[in-house]
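Taking it in order: structure first as structure tokens, then the write-up.
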Amino acid sequence: MKNDNATPPPTNFIRNIIEKNLADNLYQHKKWSGKPGPEIEHAKAPEDTARIRTRFPPEPNGYLHFGHAKSIILNFNLAEDYQGRCHLRFDDTNPEKESEEYVNSIIDSVRWLGYEFQDEKENNLYFASDYFDYMYEAAVVLIKADLAYVDKQTPEEIRLNRGTLTEPGKDSPFRNQSVEDNLTLFEAMKQGKYADGEMVLRAKINMASPNINLRDPAIYRIRHVTHHNSGDKWCIYPMYTFAHPIEDALEKITHSICTLEFEDQRPFYDWVLKKLADAGFLAKPLPKQHEFSRLNLTHVVLSKRKLIQLVDEGHVHGWDDPRMPTLVGAKRRGYPPSGFKLFMDRIGVSKADSVIDYQVFEDAMREVLNHECDRRIAVLNPLKLVIHNFPENHIELCEVPNHPQDSERGSRQVKLTKELWIEKEDFEVNPPPKFFRLFPGNQVRLRYGFVIECTGYETDDQGKVIKVLCDYLPDTKSGTPGSDAVKVKGNIHWVSAQFSTSVVIRNYDRLFHSDNPNDAENFLDDINQNSIQMSEAVCEEHITQASIGDQFQFERHGYYIVDPESSTEQMIFNRTATLRDIWQK
RNA sequence: AGGGGAGUCGCCAAGCUGGUUAAGGCACAGGGUUUUGAUCCCUGCAUGCGAAGGUUCGAAUCCUUCCUCCCCUGCCA
């Protein structure tokens with residue numbers, strides 16, 4: 001076990017910011033009415049008991065993946081570490097792409113990671129769509145302050161007049177429409193008097209801004225679409241850039257943490273909040289946006305488009321395929337939530353673009369799995385072994401610990417008989433140098449049993465080894481006095497041919513060959529065609545007591561989890577990760 | 001001269017209000033323990049902080065110039 005004191009507490013620039021904010025008493029007297037709302041509702045409420053508030057704001061338009069896990073763990077851990085709260089908020093402002101199916105899956109995945117957002121004190125499950133009334137009101141506030149206008153230009157015209165990266169844009173001919181006209185038009189938009197795309201509400205900032213996001217960004221668009229939550233109440237929907245700062249403010253979020261690509265958006269985020277605060281709609285302390293670099297992993301694609309393609313084109317068997325970098329996939333693969341947390345601790349949080357070696361991810365998983373999993377014995381590639389001098393019908397009970405480093409996990413008895421299954425790889429007719437397993441004349445220990453000496457083998461017509469013969473040394477049984485008298489270098493595992501059960505094994509490997517599949521002309525060409533290898537294995541009989549989701553280390557092989565497709569007749573095991581293997585290298 | 005970010009060991013990443021020999025993890029290389037060639041333990045692993053100048057008794061940390069990479073021209077988020 002590692003000494004936790006040896007590793008310094010993980011720190012990062014966001015924690016530094018929070019600690020400084022707290023030291024500056026920035027949030028000392030902030031209010032919280034118990035539910036999201038504008039300042040008029042928070043003002044009369046007591047001081048917030050949460051020192052900070054963060055939020056995880058997914059759009060319910062897909063399944064959560066490893067990248068989301070980074071954000072979830074960051075936000076929830078921050079809240080926990082600084083005696084704050086973290087909200088789960090669905091950023092559902094675009095009904096064309098969103099659905100309830102995703103809402104439910106996302107909730108499940110956040111909980112699976114071990115985070116809760118609803119308890120006896122607070123229910124912090126929110127939907128941006130529940131704030132549509134406030135957002136409409138906020139838009140009206142801006143219009144009245146002559147800070148927003150309804151633009152009747154076509155989308156094409158708006159695009160053309162936006163200018164380019166190096167040239168300023170041109171003002172819309174509708175930019176100086178009267179406040180009254182804007183109010184009337186916006187109301188008419190809301191009433192459904194116009195078709196999709198006919199007009200849009202825009203913030204009035206500066207068409208010549210060097211930051212393109214400030215060239216009068218659209219803040220409301222017309223979409224005659226049924227919303228998964230608000231139904232047909234609205235036919236106009238706020239844009240993310242306008243909605244997000246308001247969502248954060250209504251929820252009294254202190255630290256709004258997002259990924260780097262939103263950095264250019266921050267001036268607009270601050271603009272919206274300031275203007276609404278000026279109008280008395282919101283009050284300080286206003287939320288602050290902070291950006292970190294998103295997760296990239298070698299041999300993995302995380303773009304939503306590519307993940308959809310993998311599923312839709314059948315390169316994997318659905319979103320929860322154990323090879324998918326989704327959280328539902330991770331669950332089925334057997335990657336534990338605690339492994340994700342350890343992984344996030346190890347990779348840290350910064351603003352530098354980075355690509356993490358998949359090894360780092362896998363090693364974090366191995367570390368927690370090694371600690372958490374009971375051991376079991378399975379022979380994945382069976383070869384018959386016959387102990388020539390072993391009594392015909394004798395059953396030798398062997399005591400096998402469930403965990404070599406944790407005796408409190410107890411032990412079990414495994415039956416040793418004359419005929420056993422061993423791994424094909426554990427026997428060599430002509431062993432390579434330094435091979436210390438079984439070969440003619442060599443001695444090895446049958447793990448937890450006796451030392452045996454290989455006396456010969458049998459082959460089929462093709463010369464393939466089909467049976468290994470040996471003698472056992474009666475005085476060498478594990479755990480008995482003097483059993484160590486005979487020293488052997490090799491230890492091989494085995495299961496009784498008589499007392500064992502057959503199971504299906506699904507060995508998974510990386511889905512993509514190259515470090516960065518995105519570099520390929522077509523990432524699909526980089527797919528590893530051997531990313532899943534099915535086989536039948538023989539396992540010790542105790543395994544039949546396992547249930548779906550149970551995880552074990554199959555000794556000398558790796559970590560496996562019982563797949564949901566298992567039945568009592570046919571158990572199926574997914575390989576989560578192999579054990580490290582210096583010999584293979 | 002569009003704007004915004006980032007560059008510290010093979011991969012991450014602390015440090016960056018200037019001041020002991022530049023944390024830590026992963027990887028890698030040795031060694032020890034071990035009835036998993038696993039785990040665990042020990043040792044090694046940047047005279048160097050994108051580059052070049054400068055300020056200073058002293059710079060990864062301050063200044064100047066330069067180089068490289070990433071993001072931004074949706075009525076997506």
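Quick caveat, the model's predicted, so the values are computed rather than measured. Numbers restart at 1 for each chain; the letters A, B, ... are given by sequence-line order, proteins then strands.
For Y194(A), there are no side chain to side chain donor-acceptor pair (under 3.5 Å) partners at least two apart in sequence or on another chain. Considering only residues two or more places apart in sequence or on other chains, P58(A) meets the side-chain contact (heavy atoms from CB on, under 4.5 Å) condition with F56(A), L64(A), L88(A), F90(A), I106(A). With sequence neighbours excluded, the residues forming a ring-ring contact (aromatic ring centres under 6.0 Å, His included) with F186(A) are Y136(A), Y220(A), listed by chain and number. Qualifying side chain to side chain donor-acceptor pair (under 3.5 Å) partners for S514(A), counting only residues two or more places apart in sequence or in other chains: D526(A). With sequence neighbours left out, the side-chain contact (heavy atoms from CB on, under 4.5 Å) criterion links Y126(A) to W32(A), P36(A), H87(A), R89(A), N124(A), Y131(A), E251(A). Scanning for salt bridge (charged side-chain N to carboxylate O under 4.0 Å, His left out) contacts around K20(A) gives D24(A), with sequence neighbours left out.
Across the P atoms, C49(B) and G5(B) are found 25 Å apart, a figure rounded to whole Å.
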Item to check | For RNA chain B, the dot-bracket pattern of Watson-Crick and G-U pairs whose distances stay under 3.5 Å, | for other-strand partners | outcome: .(((((((.[[[..)...(....]]].(((((.......))))).....[[[[[..)....]]]]])))))).....
Next on the checklist: How would you summarise protein contacts on nucleotides 11-19 of chain B per nucleotide, using B for base, S for sugar-phosphate only and - for none, with heavy-atom distances below 4.0 Å?
Outcome noted: SSSSS----
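The salt bridge (charged side-chain N to carboxylate O under 4.0 Å, His left out) pairs that include a residue from residues 296-308 of chain A number zero, where partners must be two or more places apart or lie in different chains.
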Could I get a table of every N or O pair under 3.5 Å where one atom is in the protein and the other is in nucleotides 48-50 of chain B?
none

Contacts table for residues 481-492 of chain A: side-chain donor-acceptor under 3.5 angstrom, sequence neighbours left out:
unit_1	atom_1	unit_2	atom_2	d
S483(A)	OG	T480(A)	O	3.1

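Of the residues in residues 93-100 of chain A, those lying under 4.0 Å from RNA chain B by heavy-atom distance are T93(A), N94(A), K97(A).
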